[in-house]
Amino acid sequence: MWAKALSAKDFQNHPPPAILHAQNQSSISCQPSSPPPLVLPEHKPQLLYFHVDINSCYASCERILDPSLNGKPVVVLSNNDGCMVALSAEAKAMGYRLGEPWFKVKEGAEARGVIARSSNYELYGDISNRVMEVLREYAQGFEQYSIDEAFLTVRLSTRQAAHIARCIKDDIARRIGVPVCVGVAATKTLAKLSNKTAKNVPHLGGVCVWNLLPSGRRAHLFHHLPVDQLWGVASRTRKKLASMGIISIGDLATADLSTIRKRFSIVLMRTVLELRGTSCIPLEPVRKFKDQLIYSRSFSYPITDREDMAQVMSVYAQRASKRLVRDGQQAKLLTAFCATSFYGENMVFPTSAVRLQARTADPAVLTKAALTLLDRADFDGPRYARAGIMLTDLAPGDSSIAFEMFQYSHERRNVASLISQVEEKCGEGSLGLGRAGFTRKPVWEMKRELLSRRGTTHWDELVRASVR
DNA sequence: AGGCCTCAG
DNA sequence: AGTTCTGAGGCCT
């Protein structure tokens with residue numbers, strides 16, 4: 001679709017004269033026409049959004065530790081080695097798709113030289129943190145949007161912005177070792193679109209400043225790209241829009257605002273405004289506390305046995321507890337659930353919600369609550385494929401505070417922190433309460449057969465390099 | 001307020 | 001036979 005939307009020659013022309021540039025800008029943004037500026041528009045400082053994202057993030061991280069993967073098709077698998085969640089450019093070029101189940105393509109892919117890795121979130125998280133640290137150096141406003149994406153705001157002319165964007169890209173490559181693309185525009189939506197353009201048009205060298213694209217190219221993109229290429233527009237909205245004759249991004253940009261508001265939502269209306277150059281999706285402030293916490297996993301083998309499920313619940317509850325403690329939060333409501341395969345005939349999905357006596361992060365209390373699922377689930381027939389624990393009604397809380405009105409006795413004795421101290425000395429999972437205190441890895445634990453090492457965060461998993 | 005839908009990465 | 005996980009936000013009731 002990008003190939004269709006743009007050919008390389010579209011970008012080989014010189015930018016049009018400034019006056020044409022300015023005219024086109026106003027036709028896109030639908031702003032009232034203002035008197036001609038004294039400076040060329042591209043030299044005038046304005047608030048600009050930068051969108052930076054790591055190219056094929058997980059695959060690029062794997063390459064840091066194992067440079068022999070450079071130039072080869074690399075795919076990274078989801079938890080349980082289920083789907084492909086990241087593909088290197090080479091793997092994409094071979095026609096593999098994000099989200100495809102690995103078992104379907106495994107055989108053929110391996111025969112064609114594709115290299116697969118289980119997802120190593122500890123590695124990706126660490127690399128991500130390092131990248132974000134560098135990005136902050138360049139930003140006035142900053143928002144980490146996901147593990148591999150960030151928005152920056154800077155007050156610059158577009159000419160200066162183009163220079164800074166290149167510096168960012170080079171700096172990240174030099175200091176961290178992963179490739180990034182940068183999109184720059186007056187709104188987040190357009191910055192994201194610019195980033196995508198930077199990724200899909202090699203000629204741009206990984207950097208795209210929306211307002212420095214030749215105006216004809218912008219119009220060309222708007223006209224040829226379908227709406228679901230936009231941030232915030234997916235298949236449902238695409239279909240509904242199509243029924244109204246709105247197919248391309250350009251169609252949406254010129255659609256009637258009040259109709260969009262009425263038939264869709266305020267969200268899509270914002271998208272339309274942002275396409276016209278009016279920024280209305282601000283940088284999100286850093287969210288200190290989450291509203292809910294879910295710990296959910298698929299099993300490597302289906303569970304049919306009550307005692308096995310009891311073990312799963314114990315382990316999951318204690319992992320969820322650990323996250324709560326880490327985030328300095330406590331929960332009031334725990335919902336435990338399990339489910340048979342989503343793809344089977346008659347899916348069953350038993351749940352059990354427990355309102356706790358008081359907010360807590362205590363592993364013993366949460367484990368006991370999670371085990372109530374056993375009374376709700378049928379263990380005569382169903383083959384459970386996954387289970388999880390949802391903690392809601394969260395609030396900040398410190399389990400070491402001693403003068404709460406109500407406290408569980410474990411909390412006074414600080415079981416959670418004791419466990420984490422032991423684990424720090426003896427390793428993750430070395431100590432668990434009740435059924436979570438197994439000595440051998442349980443058989444249902446998710447599959448991660450192709451895991452790389454945690455080479456940047458664990459001393460005993462460091463990578464060796466020989467320098468000649 | 002809580003369930004459902006949509007979306008994102 | 002086997003197909004991710006987590007979180008947010010709007011809309012509706």
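In what follows, every chain begins at residue 1, and chains take the letters A, B, ... in the order their sequences are listed.
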- Between A:Tyr49, A:Tyr145, A:Tyr138, which is the residue that forms a ring pair (Phe, Tyr, Trp, His ring centres under 6.0 Å) with A:Phe151? A:Tyr145
- Message: Within the 4.0 Å heavy-atom criterion, would you say A:Ile266 contacts the bases, only the backbone, or no part of the nucleic acid?
- Response: sugar-phosphate
- Task: Hey, which sits more toward the 5' end of DNA chain C by its nearest nucleotide, A:Arg323 or A:Arg261?
- Result: A:Arg323
- Message: Let's see if you can work this out: which of B:dT6, C:dT4, B:dA8 has an atom nearest to the side-chain heavy atoms of A:Val85?
- Response: C:dT4
- Query: Can you check whether A:Arg238 has a side-chain N or O nearer than 4.0 Å to OP1 or OP2 of B:dT6?
  - Reply: no
- Query: OP1 or OP2 of C:dG9 less than 4.0 angstrom from a side-chain nitrogen or oxygen of A:Ser265, does that happen here?
  - Reply: no
- Message: Nearest to the side chain of A:Gln292, heavy atoms from C-beta on, is which of C:dG10, C:dT4, C:dA8?
- Response: C:dA8
- Tell me what A:Leu230 touches on the nucleic acid: a base, only sugar-phosphate, or nothing, going by heavy atoms under 4.0 Å. sugar-phosphate
- Could you check A:Leu123, A:Asn120, A:Asp460 and say which one makes a side-chain contact (heavy atoms from CB on, under 4.5 Å) with A:Arg454? A:Asn120
- Message: What contact category does A:Glu100 fall into here, base, sugar-phosphate, or nothing, at under 4.0 angstrom with non-hydrogen atoms?
- Response: nothing
- Message: What's A:Thr237 touching, base or sugar-phosphate or nothing? Going by heavy atoms closer than 4.0 Å.
- Response: sugar-phosphate
- Task: May I ask you to decide whether A:Lys332 forms a salt bridge with A:Asp393, counting only side-chain N to carboxylate O separations under 4.0 Å?
- Result: no
- Task: Write down the distance separating the P atoms in C:dT3 and B:dA8, rounded off to the nearest Å.
- Result: 25 Å
- Query: What does A:Trp231 touch in the nucleic acid at a heavy-atom separation under 4.0 angstrom: a base, only the sugar-phosphate, or nothing?
  - Reply: sugar-phosphate
- Quick one: on DNA chain C, does A:Pro101 or A:Val267 contact a more 5' nucleotide (nearest heavy atom)? A:Pro101
- Query: Which whole-number value in Å describes the distance from A:Lys332 NZ to B:dG2 P?
  - Reply: 12 Å
- Answer with yes or no whether the side chains of A:Trp231 and A:Glu274 bring together a donor and an acceptor at under 3.5 Å. no
- Nearest to the side chain of A:Lys290, which nucleotide is it out of C:dG9, C:dT4, C:dA8? C:dA8
- Message: When you measure from the side-chain N and O atoms of A:Ser298 to the phosphate of C:dC5, is any distance below 4.0 Å, counting only OP1 and OP2?
- Response: yes
